[in-house]
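Starting from 1, each residue takes its place in the sequence as its number. This structure is a prediction, so every number in the text was calculated from the model and none was measured.
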Amino acid sequence: MELYLSKILPIFVYPVGLTLCLALFAGLCSWWRWRRLARFSFFLAVAILWIAATPAVGEFLYRQLERQYPPLAIADTPVADAVILLGGVLRPPLFPRQTADLNDAIDRVVQAARLYRAGKVQWILIAAGNLPWSRASRSEAEWIADLLIEWGIPRTALLLDTASRNTAENATYARALMLQHGLRTGLLVTSAGHMPRALAIFQAVGIDVTPCATDLRAAGDQQGTVFYWLPDVTALELTTLAIREWLGIMVNRFRGRDKTSL
């Protein structure tokens, strides 16, 4: 139940969900003849959606997360026992897909492969189970493993956590796998925007990890142009992702999953 609530409740504070709630409230106020409140709610809904969908806002919010742990060059990355690779990088080959569909976060898998080939680690630990409502027949970790093997990484170098469903479980199950195989240090590979929350959780469970961020998205390509202030669906996604991460950080600190609060 907690997992479902953690996925459902934030929807109402994300820009699209909040906009819809305000629009619905405006409709109810109009029905009850509360015209001023209805107009205020409607314009507030439009303003929130417009502001959240501008690259100026989306990139600013997401950049505050990304700049906390800048990416390291492969040559400057320390040697560790294993890469800890977090999932969320592909969609399973459900009909009509013929193969797994890769998303923007696939940079995580590429980075893990590069670190292994550079001799920085001897193991790649893939932490990526499925959510309970997934219709996939295999875990995401297994699909990622197939991809790494296709890229030339030996199967004997891969450790799979196929059960974890969120970042907190990623850390818990990864720690168990590391203890089982005598691994003490790790290179945590995830998207730069996700790194602050993920790193705090992994450190809180006692794993000695070095952040190896990738998949930077707040590039500022449209900065200085009129499009920087016009609504854009990609910017809306960035704003939503940033809100999700900041909410997660606050919740983890409240629950004691952030090392700074222990």
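Judged by distance alone, the side chain of Ser41 and the main-chain N or O of Leu37 form a donor-acceptor pair under 3.5 Å. The main-chain N or O of Leu131 is never found under 3.5 Å from a side-chain atom of Ser134 such that the two would form a donor-acceptor pair. Within the 3.5 Å criterion, the main-chain N or O of Val233 finds no donor-acceptor partner in the side chain of Glu237. Between the Gln111 side chain and the Ala213 main chain, no donor and acceptor come within less than 3.5 Å of each other. Distance alone, capped at 3.5 Å, places no donor-acceptor pair between the Asp107 side chain and the Ser191 backbone. Arg165 contributes no side-chain N or O that, together with a main-chain N or O of Gly129, makes up a donor-acceptor pair within less than 3.5 Å. Using modelled atom types, one side-chain atom of Asn130 and one backbone atom of Arg138 make a donor-acceptor pair closer than 3.5 Å. In this structure, Arg155 contributes its side chain and Leu158 its backbone to a donor-acceptor pair below 3.5 Å.
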| Taking it one step at a time, do Asp81 and Gln122 satisfy side chain to side chain contact (heavy atoms under 4.5 Å, CB included)? | CA-CA 6 Å; Asp81 293 330; Gln122 293 184 335; over 6 Å; no
| request: Start with the C-alpha distance between Val16 and Tyr14, add both sets of side-chain angles, then the distance that settles side chain to side chain contact (heavy atoms under 4.5 Å, CB included), and finish with yes or no. | output: CA-CA 6 Å; Val16 172; Tyr14 293 159; 5.8 Å; no
| task | Any chance you could lay out the side chain to side chain contact (heavy atoms under 4.5 Å, CB included) test for Tyr62 and Leu241, step after step, and finish with the verdict? | result | CA-CA 7 Å; Tyr62 204 70; Leu241 289 173; 3.8 Å; yes
| field | Stepwise side chain to side chain contact (heavy atoms under 4.5 Å, CB included) test for Thr167 and Asn252 | value | CA-CA 11 Å; Thr167 309; Asn252 288 333; over 6 Å; no
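Between Ala112 and Ile124 the shortest heavy-atom distance is O-CD1, 3.8 Å. Here the shortest heavy-atom pairing between Pro196 and Ile249 reads CB-CD1, 4.2 Å. Nearest heavy atom pair, residue Lys120 against residue Ile74, reads CE-O, 3.1 Å. Across all non-hydrogen atoms, the minimal contact from Pro71 to Leu216 is CG-CD1, 3.8 Å. Contact between Ala45 and Leu22 at its shortest, heavy atoms only, is CB-CB, 3.7 Å. Residues Ala100 and Pro93 approach most closely at N-CB, 3.8 Å, considering heavy atoms.
Val110 and Val121 fall within the same hydrophobic cluster, defined by Ile, Leu, Val, Met, Phe, Trp and Tyr side-chain heavy atoms under 4.5 Å apart, directly or through other members. Connection of Ile153 to Trp123 is not established within any shared hydrophobic cluster, with ILVMFWY side chains joined at heavy-atom distances below 4.5 Å, either directly or through further cluster members. Cluster annotation: Leu238 and Tyr228 are assigned to distinct hydrophobic clusters (Ile/Leu/Val/Met/Phe/Trp/Tyr, side-chain heavy-atom contacts under 4.5 Å, transitive). In the hydrophobic cluster analysis, where Ile, Leu, Val, Met, Phe, Trp and Tyr join through side-chain heavy atoms closer than 4.5 angstrom, Trp34 is grouped together with Leu28. Both Leu147 and Ile149 are members of a single hydrophobic cluster when ILVMFWY side chains are connected at heavy-atom separations under 4.5 Å.
Side-chain atoms of Trp151 and Val109, non-hydrogen and from C-beta on, do get closer than 4.5 Å to each other. Trp143 is not listed as a side-chain neighbour of Val89, based on a closest heavy-atom distance of 4.5 Å or more. The closest side-chain heavy-atom distance from Leu247 to Met250 is below 4.5 Å. Side chains of Val189 and Cys212 form a contact here, defined as non-hydrogen atoms less than 4.5 Å apart. Residues Gln180 and Leu159 have side chains not in contact (no heavy-atom distance under 4.5 Å, counting atoms from C-beta outward). Side chains of Val83 and Tyr116 form no contact here, defined as non-hydrogen atoms less than 4.5 Å apart. Residues Leu86 and Phe202 meet the side-chain proximity criterion, which asks for heavy atoms closer than 4.5 Å. Residues Trp50 and Leu230 are in side-chain contact: their nearest non-hydrogen atoms beyond the backbone lie under 4.5 Å apart.
Leu125 CG to Leu160 CG: the interatomic distance, rounded to the nearest 0.5 Å, is 8.0 Å. Distance CD1/Ile201 to CG/Asn166: 7.5 Å, rounded to 0.5 Å. Atom CG of Leu236 and atom CG of Leu49 lie 6.0 Å apart (nearest 0.5 Å). Note that CD1 of Ile48 and OG1 of Thr239 are 12.0 Å apart. Values are rounded to the nearest 0.5 Å. Taking CG of Asp208 as the reference point, atom CG of Leu183 lies at 12.0 Å (rounded to 0.5 Å). Between the CD1 atom of Ile207 and the CG atom of Leu199 there is a distance of 10.5 Å, given to the nearest 0.5 Å.
Arg117 CZ: more than 12 foreign heavy atoms inside a 6.0 Å radius. In Trp133, the CH2 atom is crowded: over 12 heavy atoms of neighbouring residues, nucleotides or ligands sit closer than 6.0 Å. Around atom CZ of Arg97, more than 12 heavy atoms belonging to other residues, nucleotides or ligands sit under 6.0 Å away.
Side chain to side chain, Ser164 and Asn170 meet the donor-acceptor criterion of an N or O pair below 3.5 Å.
When Arg63, Arg217, Arg197 are each tested for a salt bridge (Lys or Arg N to Asp or Glu O under 4.0 Å) with Glu245, only one passes: Arg197.
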